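Comments concern the structure below.
Order of the sequence lines fixes the chain letters, A, B, ..., with proteins taken first and strands second; residue numbering starts at 1 for each chain. Since we're looking at a predicted model, the values are computed, not measured.
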Amino acid sequence: MDILTKIQEEVAKSLLVHYECDVDSDTVLINQTKADFEGDYTVVLFPYIKKVKRSPDELGNTIGTHLKESVADISDFNIVKGFLNVSFSDQYLVKQLDSISQIENYGDFPKRSEKVMVEFSSPNTNKPLHLGHIRTILLGWSMSKIYEKAGYDVFKTCIANDRGIAICKSMTSWKNYGNGETPESSGIKGDFLVGKYYVEFDKHLTKEYQEWQASESASNLFKSKAKDEQTEEAFFKAYKNTYFNEHSAIGKQVKEMLLKWEDGDEETKALWSQMNNWVYDGHNATYANLGVSFDKIYYESETYLKGKDVILEGLKDNTFYKEKDGSIWVDLEDVGLDKKIILRSDGTSVYLTQDLGTADIRYAEQAAEKMVYVVGDEQDYHFKVLFEIMKKLGRSYANGLYHLSYGMIDLPTGKMKSREGTVVDADDLVEEVIEEARKGAKERGEVSQLDKDAQDEIFRRIGLGALKFYILKVNPKKRMMFNPQESVDMQGQTGPYIQNAFVRISSIFRKLGDIPELDFSAYALEPAEKELVKSLLQYPQVIEQAANNYDPSLVASFSYVLAKQFHKMYHDVRILSAETEVAKVFRLRLCKTVGNVLESSLNLLGIEMPERM
RNA sequence: GGCCCCGUAGCUCAACUGGAUAGAGCAGCUGACUUCUAAUCAGCAGGUUUCAGGUUCGAGUCCUGACGGGGUCACCA
């Protein structure tokens with residue numbers, strides 16, 4: 001049994017024996033002792049003071065004495081204002097280190113039967129991936145790693161939003177102005193090429209729209225439809241969508257393209273598939289650069305029709321209802337939401353329709369009890385609605401659905417807007433952080449003897465380590481500020497700071513080789529060593545918490561604290577030239593374990609360790 | 001306007017889910033490399049946790065209200 005549970009039980013027992021006060025041992029609150037106080041763990045006594053009508057000191061003494069007698073590994077206790085601090089003996093901590101240092105993959109949980117599906121990235125197929133995608137990709141990847149470590153069977157997935165009006169804009173634009181340009185002919189990466197024509201489309205549309213605004217019919221429209229005090233500019237800005245749908249010539253081309261696609265027109269399908277493949281090649285290169293992959297990619301074009309079957313099913317049992325115009329709706333007012341359309345009057349799918357169908361397909365294929373959607377918080381309402389519908393339909397997996405909602409990324413210059421050209425491309429960013437790592441390493445000169453490939457691999461790991469840690473250290477739910485300069489920082493609370501701790505450890509073992517055999521069970525710990533051992537013991541808890549709270553930032557904080565404590569110890573004590581042989585052997589074993597746990601915990605964030613830097 | 005989220009040091013973030021004197025990093029100022037890698041360590045300075053009430057032995061954390069920021073309210077995805 002783990003020692004904290006043991007303490008809880010003994011506290012409860014002590015209260016019962018000495019004061020006839022019956023307390024559930026699970027409710028006994030134990031925290032880590034604050035750094036300024038003596039002790040390792042703290043029992044909070046306040047809840048019992050009133051019940052037993054004793055002073056905090058008397059109560060603390062009784063329980064403390066009981067703990068010291070009944071738990072062999074507790075060496076001492078003290079009481080400060082209602083807090084009972086207990087200390088572990090050195091022998092206990094040394095023994096614990098000895099045992100975890102011998103576990104092959106320390107932190108691994110026993111295999112569970114449950115399967116978890118994690119969906120992330122899920123881009124549109126009409127442009128390159130950008131900084132916003134990087135957050136979902138890193139979060140999704142990290143959650144997958146954390147679940148695996150926690151013993152779950154994990155299935156990583158992505159849904160490619162490969163159909164609809166957006167890709168048709170790129171297609172129309174390419175057909176009109178592209179002159180047959182391809183990634184091969186132009187040397188432009190596929191996703192950027194398709195993105196280029198998407199932007200090109202918007203330029204032409206804007207130009208056409210501006211010319212139209214000068215026409216008589218447009219000014220008549222403004223006079224008759226504009227609200228009081230609305231400026232011409234504001235009015236036409238709001239009207240752009242309607243213009244696209246009702247007046248635009250190239251808008252008409254796009255809509256015809258979409259209809260042809262839906263009719264299965266061969267030429268259109270061929271173009272569609274060609275341009276999508278360009279994008280997939282581009283996206284796959286970006287995923288590979290980031291070191292992530294998926295078990296299966298679902299394509300919206302293949303699943304969107306399936307949603308209609310679900311609609312029919314719900315219509316039959318009156319979960320949904322039909323309006324006079326033929327559109328189909330769901331009423332969620334009983335759970336505090338609104339009425340929501342789920343199938344258009346012309347019988348075609350909306351966004352929700354697809355997600356209903358996709359969820360069913362995926363459950364039928366994978367039977368995952370948990371399904372985590374890593375999607376931005378602007379879609380909070382959408383997912384509330386989706387999950388409620390699944391419950392109403394009586395889906396067995398409905399309660400396992402979870403929206404891991406993450407906040408938007410802001411830049412120091414404001415919000416990212418593709419139209420205003422303030423988007424940060426994922427590829428550019430990755431290249432930049434690696435370049436920054438290269439510069440830093442060149443100055444230090446530690447890796448200059450290595451061959452070029454080995455050096456490049458180190459720069460890649462350091463650069464990506466900086467970027468990934470910078471993003472994952474923030475609680476996912478929070479909106480975050482992305483400062484390009486800070487994202488490539490390599491000092492302080494950063495990925496490279498943690499990698500550096502690992503590199504120092506690797507360096508020791510390059511010089512030494514294997515750890516000599518020696519019994520260190522009676523070793524007396526230095527303060528810095530004690531802190532490290534206590535942190536190491538927490539690792540499994542951190543994994544469990546990160547999994548339960550959907551929060552990789554907990555792992556990031558843990559890694560940082562562990563690295564910080566290691567750097568402190570490295571500074572305070574000598575390792576290879578320790579005072580005694582016992583101290584040396586103990587410290588080596590400690591370093592080895594710290595190195596393993598640092599590597600393992602950064603792996604949960606998708607960060608790799610360099611051997612040198 | 002309705003609903004949802006957020007507000008902590010100059011800046012970027014923590015705070016074990018209601019516990020002790022709110023902690024880190026960056027930026028600023030000091031100091032430490034002939035030593036296992038200084039991408040490091042030690043120190044100084046920086047706070048009325050947006051504001052006003054309330055609940056509690058105890059509130060950054062829970063409740064009410066105000067102020068400020070963001071999101072969302074499409075037969076777009």
Side-chain angles (χ1 to χ4, degrees), chain A residues 29-37 42 44-47 49-50 56 80-83 85 122 124 161 163-166 241 300 323 325-329 336-338 341-346 348-352 354-355 376-382 384 405 407-408 410 412 415 437 440-441 443-444 446 462 466 470 473-475 477-483 485-486 489-501 503-512 538 541-542 545 549 553-554 556-557 560-561 563-564 566-568 570-578 587 591 612-613:
Chain A
L29 185 60
I30 302 180
N31 296 323
Q32 280 187 64
T33 304
K34 293 254 178 186
D36 302 340
F37 298 89
T42 298
V44 182
L45 299 175
F46 295 106
I49 291 170
K50 251 190 180 170
V80 183
K81 292 192 292 182
F83 295 93
N85 304 319
S122 303
N124 287 330
N161 297 302
R163 54 156 225 118
I165 205 88
N241 212 16
E300 190 195 317
E323 278 292 341
D325 66 0
S327 59
I328 298 177
W329 296 69
L337 304 172
D338 304 310
I341 185 159
I342 49 177
L343 201 68
R344 294 194 192 101
S345 48
D346 64 6
T348 58
S349 301
V350 295
Y351 182 35
L352 259 167
Q354 298 160 25
D355 273 0
D377 65 5
E378 75 271 21
Q379 294 199 33
D380 283 357
Y381 189 76
H382 168 78
K384 265 190 199 165
S405 161
M408 293 291 98
D410 290 311
K415 218 185 146 182
E443 269 175 40
R444 290 160 54 80
E446 292 281 347
I462 297 172
Y470 180 77
K473 74 177 179 183
V474 181
N475 185 321
K477 281 181 290 199
K478 292 206 176 175
R479 208 179 166 90
M480 73 172 282
M481 174 63 71
F482 185 91
N483 184 323
Q485 272 129 45
E486 284 171 16
D489 271 354
M490 315 239 163
Q491 276 148 23
Q493 207 176 66
T494 66
Y497 173 94
I498 300 167
Q499 289 171 324
N500 187 229
V503 164
R504 285 176 144 182
I505 292 167
S506 302
S507 175
I508 291 170
F509 285 98
R510 252 199 314 278
K511 295 198 163 76
L512 177 86
Q538 278 182 284
Q541 264 180 58
V542 170
Q545 256 181 44
N549 292 321
S553 76
L554 296 173
S557 308
Y560 172 68
V561 169
K564 191 177 159 77
F566 171 77
H567 281 306
K568 164 90 173 141
Y570 186 84
H571 183 267
D572 287 358
V573 306
R574 297 165 151 278
I575 298 162
L576 288 174
S577 54
R587 283 170 196 166
C591 286
R612 301 167 192 260
M613 64 193 287

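- Across all strands shown, B/G58 forms no Watson-Crick or G-U wobble pair with both key distances under 3.5 Å.
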CA sep, side-chain torsions, deciding dist, call: A/Gln493, A/Tyr470, side chain to side chain donor-acceptor pair (under 3.5 Å): CA-CA 9 Å; A/Gln493 207 176 66; A/Tyr470 180 77; over 6 Å; no
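- Counting only heavy atoms from C-beta on, A/Lys511 has its side chain closest to B/U37 among B/U21, B/U37, B/C41.
- Between A/Gln541 and A/Asn85, the one whose closest nucleotide on RNA chain B sits nearer the 5' end is A/Gln541.
- For A/Asn475, whose side chain is taken as the heavy atoms from C-beta onward, the closest listed nucleotide among B/C16, B/U17, B/A14 is B/A14.
- Remark: A/Arg504 is not in phosphate contact with B/A39, judged by side-chain N or O atoms under 4.0 Å from OP1 or OP2.
- For A/Pro496, counting side-chain heavy atoms from C-beta on, the closest listed nucleotide (B/A39, B/U40, B/G25) is B/A39.
- Checking B/U21, B/G25, B/A42 against every side-chain atom of A/Lys568, the shortest atom distance belongs to B/A42.
- For A/Gln545, counting side-chain heavy atoms from C-beta on, the closest listed nucleotide (B/G7, B/A20, B/C16) is B/C16.
- Defined by atom type and a distance below 3.5 Å, a donor-acceptor pair is present between the side-chain atoms of A/Asp380 and A/Ser405.
- For A/Arg510, the listed nucleotide lying nearest its side chain is B/U37; candidates were B/U21, B/U12, B/U37.
- For A/Phe83 and A/Phe46, the gap between ring centers is short of 6.0 Å.
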Identify the pairs formed between an N or O of the protein and an N or O of nucleotides 70-77 of chain B at a distance under 3.5 Å, and give each distance.
{"unit_1": "B/G70", "atom_1": "O2'", "unit_2": "A/Arg479", "atom_2": "NH1", "d": "2.6"}
{"unit_1": "B/G71", "atom_1": "OP1", "unit_2": "A/Lys415", "atom_2": "NZ", "d": "3.3"}
{"unit_1": "B/C75", "atom_1": "O3'", "unit_2": "A/Arg344", "atom_2": "NE", "d": "3.1"}
{"unit_1": "B/C75", "atom_1": "O2", "unit_2": "A/Ser345", "atom_2": "N", "d": "3.2"}
{"unit_1": "B/C75", "atom_1": "O2", "unit_2": "A/Ser345", "atom_2": "OG", "d": "3.2"}
{"unit_1": "B/C75", "atom_1": "N3", "unit_2": "A/Ser345", "atom_2": "OG", "d": "3.0"}
{"unit_1": "B/C75", "atom_1": "N4", "unit_2": "A/Asp325", "atom_2": "OD2", "d": "2.0"}
{"unit_1": "B/C76", "atom_1": "OP2", "unit_2": "A/Arg344", "atom_2": "NE", "d": "2.4"}
{"unit_1": "B/C76", "atom_1": "OP2", "unit_2": "A/Arg344", "atom_2": "NH2", "d": "2.6"}
{"unit_1": "B/A77", "atom_1": "OP1", "unit_2": "A/Arg344", "atom_2": "NH2", "d": "3.0"}
{"unit_1": "B/A77", "atom_1": "OP2", "unit_2": "A/Tyr351", "atom_2": "N", "d": "3.2"}
{"unit_1": "B/A77", "atom_1": "O3'", "unit_2": "A/Glu300", "atom_2": "OE1", "d": "3.3"}

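- Taking atom CD1 of residue A/Ile575 and atom C1' of nucleotide B/C36, one finds them 6 Å apart after rounding to whole Å.
- Judged purely by distance below 3.5 Å, without hydrogens or angles, the side chains of A/Thr42 and A/Asn85 pair a donor atom with an acceptor atom.
- Set against B/U37, B/U21, B/G25, the side chain of A/Lys564 has B/G25 as its closest nucleotide.
- Residue A/Tyr560 has its side chain nearest to B/G25 when only B/G19, B/A39, B/G25 are considered.
- The partner of B/G68 is B/C6, by the rule that a Watson-Crick or G-U pair needs both atom distances under 3.5 Å.
- When Watson-Crick and G-U wobble pairs are counted only if both distances are under 3.5 Å, B/C16 pairs with no nucleotide at all.
- A donor atom on one side chain and an acceptor atom on the other are not found under 3.5 Å apart for A/Glu300 and A/Tyr351.
- Out of B/A39, B/A20, B/U17, the shortest distance to the side chain of A/Asn549 is found at B/U17.
- Of all nucleotides listed (B/C4, B/C16, B/U21), B/C4 comes nearest to the side chain of A/Asp380.
- When the C1' atom of B/G18 is taken as reference, atom CZ of A/Phe83 falls 11 Å away, rounded to whole Å.
- Positionally, the nearest nucleotide of RNA chain B for A/Phe482 lies more toward the 5' end than for the other of A/Glu446 and A/Phe482.
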Close N/O contacts between protein and nucleotides 55-64 of chain B (under 3.5 Å):
{"unit_1": "B/C57", "atom_1": "OP1", "unit_2": "A/Lys50", "atom_2": "NZ", "d": "2.8"}

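- With hydrogens and angles left out, the side chain of A/Arg612 and the base of B/U37 share no donor-acceptor pair within 3.5 Å.
- Using a 4.0 Å cut-off between charged nitrogen and carboxylate oxygen, A/Arg479 and A/Asp410 count as a salt-bridge pair.
- No hydrogens or angles were tested; on distance alone, nothing pairs the side chain of A/Thr494 with the base of B/A39 as donor and acceptor under 3.5 Å.
- Looking at heavy-atom distances under 4.0 Å, A/Val573 makes contact with a base.
- For A/Tyr470, no side-chain nitrogen or oxygen approaches OP1 or OP2 of B/C26 to under 4.0 Å.
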